[in-house]
Structures are given as structure tokens and as C-alpha cells.
Amino acid sequence: MLGIGLLLAIDHPHQHLDDPQSEGLPCRMKKPTMLIFAVASHNLPEGMAVGVVLAEFLSGEAGIALAGVVSLAVGIVVQNIPEGAVISMSLVSCGLARRKAFLYGVASGAMEPLGAALMLARIGIMTPALPYILAFAAGAMMYVVVEELIPETQAGRHSNVGVVALALGFTLMMVLDVALG
């Protein structure tokens, strides 16, 4: 909830497929640029989550196992691959060159190492803040998924593809959770 509240407070401009008017703060950005910022805005808290868990593992105070750090990092990497592909494909469909679209897709994920580095830099104060930071990361991810990604998957003829992909992704994360710790 903390993450959702903060993201609502700093709501970035965005636009849904079925609405020609942008939502959020007024801006002149085109839809592909808004998509990049939407994904980048949730990649920062994802990186923060990995950084917090890694910082706690390194400090040894919270009883976090290396398997927990690895499972979280692997889970986020697994979902980032299709996420970057979606950004790149959207940019190509808007007329951007494939190479440039790929670089923008990769750049949107560059916020994660930044978030992790921010948390690692604060390794000494992580233990008491761990629940709040993880709550922020979870809330930010839920906000972006519900506000941006789910509505986009329901457009077009094959709207069940998004639901199937969500179910498969959830199943994969549960398998990783059980297998790694």
C-alpha cells in the first residue's frame, strides 16, 4: 500500500490503448515514451527490493539465506526479459529502428541496478526499514501491473493471451520460490 500511495502521489503521464487522452500529469510525451517511463518507474523499486535483500544477507542480521537473494534476483530477471521485449516491440511498431528500440528496452531495465546500489549504500539502516522498502516495491509493482499492463493486455482479438501469460508467470515464480528457498 505504501508503494501505491507514493506512486499515486507522483503519478506519471500515461495513456491507455482505448483512450486518446493521456492520464496523469499533463505532458507532451508520445505514448512509447510514456511506456518506457512506466516500466522504468517500477524497475527502480524492483532493484531496491533486490538490494535490500542482498544488503540484509550481507549484514547477516536478518537471517536471509543466499537462496532467498538468488530466487528474488532470478525471478525479477525472468520477468524482465519479456518486459524489455514488450517495450522494444512497441517501439518498433511505432517506427523506431530495431537496434535503437532494443537499447531503449535494455535502458528501461537499468533502473534496477540503480535501485539495488542505493539500498546497498545504506546497508547499515536496512534491517528496521526492510518491511517498508519491500512493501513499497510490492506496491509499486502492483500499481504498474494493474494500472498499465493489464488494461493493455485486454485490447485486441486475443485478449486471453495476457491472462495466460500472467498465470504462467505466477506459476513460474511459485516454482522458483519452492525450489530456491
Side-chain angles (χ1 to χ4, degrees), residues 3-4 6-7 10-55 69-122 133 136-156 158-159 161-166 168-170 172-173 176:
I4 292 172
L6 184 59
L7 283 172
I10 60 169
D11 193 15
H12 53 78
H14 58 279
Q15 185 175 0
H16 300 282
L17 280 176
D18 59 348
D19 191 0
Q21 187 76 336
S22 66
E23 184 179 316
L25 301 172
C27 79
R28 294 185 184 168
M29 284 189 282
K30 294 182 180 175
K31 191 169 184 175
T33 307
M34 287 189 239
L35 176 64
I36 292 169
F37 280 113
V39 172
S41 72
H42 100 276
N43 280 339
L44 182 66
E46 281 182 1
M48 291 170 67
V50 173
V52 166
V53 172
L54 179 59
V69 177
V70 171
S71 66
L72 179 61
V74 168
I76 289 177
V77 166
V78 165
Q79 66 92 31
N80 277 346
I81 294 168
E83 185 179 84
V86 165
I87 289 175
S88 298
M89 289 186 297
S90 297
L91 294 174
V92 167
S93 72
C94 291
L96 202 63
R98 289 179 189 261
R99 182 179 175 94
K100 199 169 188 179
F102 174 78
L103 291 174
Y104 281 126
V106 170
S108 72
M111 295 300 290
E112 287 189 23
L114 175 64
L118 286 170
M119 295 300 100
L120 285 172
R122 300 298 196 151
I133 294 168
F136 170 74
M141 286 183 254
M142 290 301 299
Y143 178 83
V144 171
V145 167
V146 171
E147 175 67 17
E148 302 291 337
L149 301 179
I150 290 175
E152 298 291 332
T153 66
Q154 298 306 305
H158 303 289
S159 62
V161 172
V163 175
V164 171
L166 178 70
L168 290 173
F170 180 80
L172 177 62
M173 289 302 293
L176 287 171

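Because the structure is predicted, anything quoted here is derived from the model rather than measured.
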Could you tell me which non-hydrogen atom of [X] sits nearest to which non-hydrogen atom of [Y], and how far apart they are?
X      : Y      : answer
Pro113 : Ala110 : CD-O, 3.2 Å
Ser93  : Ser90  : OG-O, 2.7 Å
Ile76  : Glu46  : CG2-OE1, 3.5 Å
Leu44  : Met111 : CD1-O, 3.7 Å
Met119 : Gly51  : CB-C, 3.6 Å
Ala101 : Ser88  : O-OG, 3.1 Å

> Is there a side-chain contact between Asn43 and Asn80, using heavy atoms and a 4.5 Å cut-off?
Replying inline: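 Sidechains of Asn80 and Asn43: in contact.
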> Are any non-hydrogen side-chain atoms of Leu172 and Leu168 less than 4.5 angstrom apart?
Replying inline: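 No, their side chains stay 4.5 Å or more apart.
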> Hey, what do you get for NZ (Lys100) to CG (Leu91), rounding to the nearest 0.5 Å?
Replying inline: 10.0 Å
> CG/Leu114 to CE/Met48 distance, rounded to the nearest 0.5 angstrom?
Replying inline: 9.5 Å
